[in-house]
Amino acid sequence: MLQRITAPLLDEVIGRLHSGDMLAVSGVVYTGRDAAHRRMTEAVARGEALPFDPKGQIIYYAGPCPAPPGRVIGSIGPTTSGRMDAYAPALIRYGLKVMIGKGLRSPEVVEAIRTCSGVYFAAVGGAAALMSRCVRQAEVIAYPELGTEAIRRLVVEDLPVVVAVDCHGGSLYEATREDAPQLFCPRA
């Protein structure tokens, strides 16, 4: 069953989510990729403020294409989340609650999600054009010199995601890995 949630998220909402839940996210979502994450973790290490207050916020690992005429943003699909694994634990401990991307996370990120009551959402790769149709507003708020990797503030409506790693230690990837032999090789 599809659940609708609105960002920013409270711990109470995050606590109700479990791996495998299908969600439609509305509200404010920030984008950022490798270069922006490196800059943000360096800022945290220096004790400087981040371009946005990460408490309760969602960051979408995406670098959108330029907006075509009449649209607020171009295609905006998820990038491989492992690229941000070196930076994510520091940002989670600093207050970031939700990440959207695709693919596995490192054990360090999963542990930070569990201990800091965060959550990781997976978005469908290859559906970037569809995802762009969920974006109502987009503006660059930091690091414009990074181009597509700049940090953007988006207002989204019904952005489709699946809970991949929850704050209870549940992982859709681990569950799928455990079930895969029975699904594809029933006699194994």
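What you see is a predicted model; the values in this text were computed from it and never measured. All residue numbers in this chain count up from 1 along the given sequence.
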Q. Can you check whether Lys97 reaches Pro54 side chain to side chain, under 4.5 Å on heavy atoms?
A. no
* Connected via hydrophobic side-chain network under 4.5 Å: Leu50 and Met99 -> yes
To the nearest 0.5 Å, atom CD1 of Ile92 lies from atom OG1 of Thr115 at 8.0 Å
* **Minimum side-chain heavy-atom gap Ser171-Val165 below 4.5 Å** => yes
Exercise for the section: Would you mind reporting whether Pro160 and Met22 have side-chain heavy atoms less than 4.5 Å apart? Expected result: no
Using side-chain heavy atoms (C-beta onward) and a distance below 4.5 Å, is Leu23 in contact with Leu17? yes
Ignoring hydrogens and angles, tell me if any N or O in the side chain of Thr31 forms a donor-acceptor pair with the backbone of Arg152 under 3.5 Å. yes
Q: With the side chain counted from C-beta on, respond yes when Arg16 and Gln3 share a heavy-atom pair under 4.5 Å apart, and no when they do not.
A: no
- Task: Without swapping roles, check the side chain of Ser106 against the backbone of Val109 for a donor-acceptor pair under 3.5 Å.
- Result: yes
Greater than 12 external heavy atoms within 6.0 Å of Glu48's CD: yes
By side-chain hydrogen bond (donor to acceptor under 3.5 Å, both in side chains), Arg38 pairs with (sequence neighbours left out) none
According to a 4.5 Å side-chain heavy-atom criterion applied to Ile, Leu, Val, Met, Phe, Trp and Tyr, with indirect links allowed, do Ile73 and Val124 form part of one hydrophobic cluster?
no
Q: Take Tyr87 and Glu42 through the side-chain contact (heavy atoms from CB on, under 4.5 Å) test and state the conclusion after the steps.
A: CA-CA 9 Å; Tyr87 314 110; Glu42 290 169 354; over 6 Å; no
Checking Arg133, Arg4, Arg136 against Asp158 for salt bridge (Lys or Arg N to Asp or Glu O under 4.0 Å), the one that qualifies is Arg4
Could you give me the CA-CA distance, side-chain angles and deciding distance for Glu149 and Asp34, then say whether side-chain contact (heavy atoms from CB on, under 4.5 Å) is met? CA-CA 8 Å; Glu149 292 200 38; Asp34 323 30; 4.1 Å; yes
Distance col, row Cys116:SG vs Leu91:CG, nearest 0.5 angstrom, shows 11.0 Å
### Query
Is the shortest distance from a Lys or Arg side-chain nitrogen in Arg114 or Glu111 to a carboxylate oxygen in the other one below 4.0 Å?
yes
Smallest heavy-atom separation, Ala62 atom then Gly77 atom, equals CB-O, 3.3 Å
Heavy atoms of Leu172 and Gly20 approach each other most closely as CD1-CA, 4.0 Å
**Prompt:** Are any of the side-chain heavy atoms of Leu159 and Leu154 separated by less than 4.5 Å?
**Reply:** no
Output for pair (Tyr61 OH, Arg83 CZ), nearest 0.5 Å, gives 12.5 Å
Is the NZ or CZ atom of Arg39 positioned over Tyr143's six-membered ring, under 6.0 angstrom from the centre and within 45° of the axis?
yes
Do Ile151 and Met40 have side-chain heavy atoms sitting under 4.5 Å apart?
yes
For residues Leu9 and Val161: do they belong to one hydrophobic cluster (side chain heavy atoms under 4.5 Å, members Ile, Leu, Val, Met, Phe, Trp, Tyr)? yes
State, yes or no, whether a side-chain contact exists between Arg153 and Val28 at a heavy-atom distance under 4.5 Å. yes
Cation-pi between Lys102 and Phe121: NZ/CZ under 6.0 Å from ring centre and within 45° of the ring axis?
-> no
Looking only at heavy atoms, the pair that brings Leu146 and Ala150 closest together is CB-N, 3.8 Å
d(His37 NE2, Leu96 CG) to nearest 0.5 Å is 7.0 Å
Looking only at heavy atoms, the pair that brings Pro89 and Asp85 closest together is CD-O, 3.1 Å
### Query
Is a donor on one side and an acceptor on the other found under 3.5 Å between the side chain of Thr148 and the backbone of Pro64?
yes
In short, Gly27 meets Thr6 closest at the heavy-atom pair CA-CG2, 4.4 Å
Of all heavy-atom pairs linking Ser132 and Gly74, the shortest is CB-O, 3.1 Å
Taken to the nearest 0.5 Å, the spacing of Thr79 OG1 from Tyr60 OH works out to 9.5 Å
(request) State yes or no: do Phe52 and Ile100 share one hydrophobic cluster built from I, L, V, M, F, W and Y residues joined by side-chain heavy-atom distances below 4.5 Å, directly or via other members? (result) no
Practice item. Check the hydrophobic clustering (I, L, V, M, F, W, Y; side-chain heavy atoms under 4.5 Å; chains of links allowed) and say if Ile14 and Val163 are grouped together. Key: yes
- Query: Counting only N and O atoms by type, is there a donor-acceptor contact under 3.5 Å from the side chain of Tyr120 to the main-chain atoms of Ser81?
  - Reply: no
Rounded to the nearest 0.5 angstrom, the CD-CG distance for Glu174 and Leu104 is 7.5 Å
